[in-house]
Amino acid sequence: MNLKKVSINTALPGKPRARILIIYTGGTFGMSYDKEGVLTPFSFEYILDQLPTLKNLALAITAVSFETPIDSSNINPEHWQLISSVIFDQYDQHDGFVVLHGTDTMAYTASALSFMLDGLNKPVIFTGAQLPISEPRSDARENLITALDIASAREQDDPIVPEVCIYFDYELLRGNRSKKVESMQFDAFDSGNYPPLAKAGVKIDYNFSVIRTPSRTTTLNLRATFETNIAILKLFPGINKNVVSAVLNTPGLKAVILETYGSGNAPTLSWLLEQLSAAIERGVIIVNISQCPGGRVVQGRYETSKGLQQIGVISGADMTTEAAVTKLMLLIGEYGSSNAKTMIGISLAGELTA
Ligand code: ASP
């Protein structure tokens, strides 16, 4: 997996407002139709042809691109390592970062990067599009131009948004609180458990009270080791004992996200509690995440979650599945299971409300 540098001739009349690095990974944003009418990723130079105004934003823009741009359904932790290492290496040379990424797994990548870039004090803004930039009605142009604006926005010398975010369809969301919720309309993302950090209209209205404050003292530290032996087990009425057993007894399994109902409830079937309890005894971390996009897990509120609490299932509070999966993979990879078990319930990058 390689990156290539793309030169953008920003004919700046004066001093640039900010130095921004764009990382182009692929996604519908830059796709075009092949001979069979199937959307496939295209190279970044093509985007420049479609959006010449990029050259006139009073920004010093540098761009790097995946050598072979990809549909984000093909993203894996190695791509997260690549994206985060570019940001880490280029951190001092830039004021902000814009990552162009397919929408399908954008919430996973944004969540992963929020945990990997420990001590981040600059904007890392993800965006993409529901329609390729070559389409007349495409949302790509607005999404990119406003993402660049947000990545370069400063107040009293500090970046306004020193966090990993998703900007899409006029809303700025915290990355590790976001979910893809729509595949046909333009409003592809939502963060049911956290207010938007900004809304873009004629002006960009920042909701300062919910944006993390930059710390002048922290330095950027990169965490990049992932443990991928984890599973998501989504409950449904009628779930089968053998299926649950097969998942929980997977050789090498380190952790399971148990996707429960409502505020963290599960059927009170004795075989289910026994199997979960046996897995916990074997050292598997089990985290309770609700299937509801809004609200939070409160184990013990109902009888149907009391048993989970008693056997040692960890409450995921109001984390999204995307945040919980990436956080678990990174914490186990970096610090080992027993540390991960205590750290999973602590907010590392604003992903949960304790
Ligand atoms: N399949 C595309 C991707 O995630 C969808 C998109 O970009 O909107 O790469």
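Counting convention: from 1, in listed order, for ligands and their atoms alike.
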Asks: I need the contact residues for ligand 1: any residue with a non-hydrogen atom closer than 4.0 Å to the ligand, ordered by chain then number.
Replies: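 Lining ligand 1 at under 4.0 Å, by heavy atoms, one finds Gly27, Thr28, Asp71, Ser72, Gly102, Thr103, Asp104, Ala129, Gln130.
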
Asks: Is the closest basic N to carboxylate O distance between Lys179 and Asp190 below 4.0 Å?
Replies: no

Asks: Throw together a table of side-chain donor-acceptor distances under 3.5 angstrom for residues 327-343, partners on residues two or more places apart or in other chains.
Replies:
| unit_1 | atom_1 | unit_2 | atom_2 | d |
| --- | --- | --- | --- | --- |
| Lys327 | NZ | Ile344 | O | 2.7 |
| Lys327 | NZ | Ile346 | O | 2.8 |
| Lys327 | NZ | Glu351 | OE2 | 2.6 |
| Glu334 | OE2 | Ala224 | N | 2.9 |
| Glu334 | OE2 | Thr225 | N | 2.9 |
| Glu334 | OE2 | Thr225 | OG1 | 3.1 |
| Tyr335 | OH | Arg223 | NE | 2.9 |
| Asn339 | ND2 | Tyr335 | O | 2.7 |
| Thr342 | OG1 | Asn339 | O | 2.9 |

Asks: Which residues, ordered by chain and number, are linked to Ile286 in its hydrophobic cluster, where ILVMFWY side chains connect at heavy-atom gaps below 4.5 Å, directly or through other members?
Replies: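 Result for Ile286 is Leu233, Leu235, Phe236, Ile239, Val244, Val247, Leu248, Leu253, Val256, Leu258, Tyr261, Leu269, Trp271, Leu272, Leu273, Leu276, Ile280, Val284, Leu308, Ile311, Val313.
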
Asks: I'd like to check Val124 versus Lys122 (side-chain heavy atoms, cut-off strictly below 4.5 Å). Are they in contact?
Replies: no

Asks: Establish, from distance only, whether the side-chain atoms of Ser114 and Arg177 form a donor-acceptor pair under 3.5 Å.
Replies: no

Asks: Which residues pass the side chain to side chain donor-acceptor pair (under 3.5 Å) test with Arg301, sequence neighbours left out?
Replies: none

